[in-house]
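First listed ligand is number 1; within each ligand, the first listed atom is number 1. No hydrogens, no waters, no symmetry mates; every other heavy atom, side chains included, goes into these values.
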Amino acid sequence: MKPVKVGVLGLGTVGGGTVNVLKRNAAEIARRAGREIIITRASAKDLNKARICDTQGIALTTDPFDIINDPEIEIILELIGGAGQVKDMVLKAIENGKHVVTANKSLIALHGNEIFAKASEKGVIVAFEAAVAGGIPIIKAIREGLSGNQIEWLAGIINGTGNFILTEMRDKGRDFADVLAEAQALGYAEADPTFDVEGIDAGHKLTILASIAFGIPLQFDKVFTEGITQITRTDVEYAEQLGYRIKHLGIARKTAAGIELRVHPTLIPERRLIANVNGVMNAVLVKGDAVGATLYYGAGAGAEPTASSVVADVIDVVRALTSDPENRVPHLAFQADAIADIPVLSSEQFKTAYYLRLNAEDKPGVLAEVTRILAAHHISIEAISQKAPLNNETSVPIIILTQITLEQEMNAAIAEIEALATVSGKINRIRLETLG
Ligand code: HSE
């Protein structure tokens with residue numbers, strides 16, 4: 001059989017890694033795919049730049065559309081990233097009848113509904129395993145491996161940069177900015193690192209996971225995101241004393257009222273495996289009604305881990321080349337006409353437990369006032385402790401763990417407690433999930 005010709009857009013970290021893996025493992029890949037797969041063309045902004053891959057035998061261009069419009073190319077690998085002009089490239093490739101493999105989470109999270117509709121119309125595949133959690137085959141696991149289940153919830157450490165920062169703060173007492181600079185130097189952080197630390201990148205990935213888990217449209221605009229910039233060493237230490245770790249989690253949960261889509265720092269019991277996922281590693285915990293809890297762990301970024309997912313998608317596309325489009329695995333796991341408009345809940349409707357840290361005067365009756373307000377909002381206390389004053393302050397830190405409550409009630413209670421004359425400053429609130 002004729003080899004399948006592939007064109008690569010972007011020869012940076014992921015593009016370079018993909019070229020290396022496809023070349024190095026060519027024989028093994030051909031045995032799996034049933035055909036030889038060769039990269040004949042690639043595009044890069046600067047053709048003279050030093051690269052991590054050998055481009056011998058690959059015709060290079062600075063214009064991606066040279067490749068997108070080449071009738072010989074059957075599969076386009078979009079490894080440029082970002083959602084600007086890249087969207088036009090992907091839509092044009094689909095228009096030209098080419099299959100697309102992408103590692104681009106923002107593209108899929110923001111424009112996936114349009115892209116998949118166009119791909120279905122043209123009978124081509126758009127594969128995106130590398131868009132979520134790098135080398136972990138989490139899309140395939142949920143879309144295919146768990147397709148007999150009703151997915152109840154999933155929770156993931158899906159941004160390596162954020163996890164690296166929290167891990168270094170906890171283990172080495174390092175500064176936030178210092179660790180972020182290292183993550184950037186290692187090539188893990190996004191071009192705009194606020195995407196990592198403010199939860200935007202994790203929000204893109206959660207959007208994709210929730211869509212394939214619950215059969216809902218991609219709707220990034222409905223994801224609640226809270227970053228890790230407010231997490232202090234003190235919170236990390238107090239959490240630890242109580243038997244918890246703080247992780248930046250993406251959580252999607254199906255409830256009777258609708259779906260919770262949220263990214264925020266979260267206290268989780270240290271005995272959970274996912275609490276021990278450190279550094280730049282990613283992990284996703286998925287709870288299905290039949291299988292129970294399952295955990296997927298691995299490298300969430302980096303040249304070859306991401307290439308591992310890109311190449312697996314290429315092999316899947318090659319295997320499916322001869323199948324009728326309607327007999328292929330649906331892009332978003334559910335048949336396109338079965339995607340349901342289940343409401344996505346606002347943050348006020350979230351139900352979760354909380355860690356609260358407040359500074360209060362150390363005198364009789366203060367805690368009674370605080371607990372009276374919590375009780376008035378139907379918030380049950382799980383644990384409460386008073387810490388030694390910090391830096392010779394007259395007030396003392398009070399740590400409260402609550403049971404599960406409605407976020408709306410918690411917002412109201414926090415506003416009332418902050419208004420007490422005996423409480424100073426803002427309350428630091430971190431959501432808490434037992435993930436049981
Ligand atoms: N900036 C991302 C991260 C890269 O740190 O996880 C992989 O998507």
Colleague: May I ask you to establish whether Arg262 and Phe350 are in a cation-pi arrangement, using a distance under 6.0 Å from NZ or CZ to the six-membered ring centre and at most 45° from the ring axis?
Modeller: yes
Colleague: Is Arg429 paired with Glu226 through a side-chain N to carboxylate O contact shorter than 4.0 Å?
Modeller: no
Colleague: May I ask you to say whether Glu433 pairs ionically with Arg253, meaning some side-chain N is under 4.0 Å from a carboxylate O?
Modeller: yes
Colleague: What's the shortest heavy-atom distance between Gly15 and Leu79, and which atoms?
Modeller: CA-CD1, 3.7 Å
Colleague: Would you check if the side chain of Asn276 reaches a backbone N or O of Glu270 as a donor-acceptor pair within less than 3.5 Å?
Modeller: yes
Colleague: Strictly under 4.0 angstrom, heavy-atom based: which residues surround ligand 1?
Modeller: Lys105, Asn159, Gly160, Thr161, Tyr188, Ala189, Glu190, Asp196, Asp201, Lys205, Gly300, Ala301
Colleague: Can you confirm whether the side chains of Thr194 and Asp192 place a donor and an acceptor under 3.5 Å from each other?
Modeller: yes
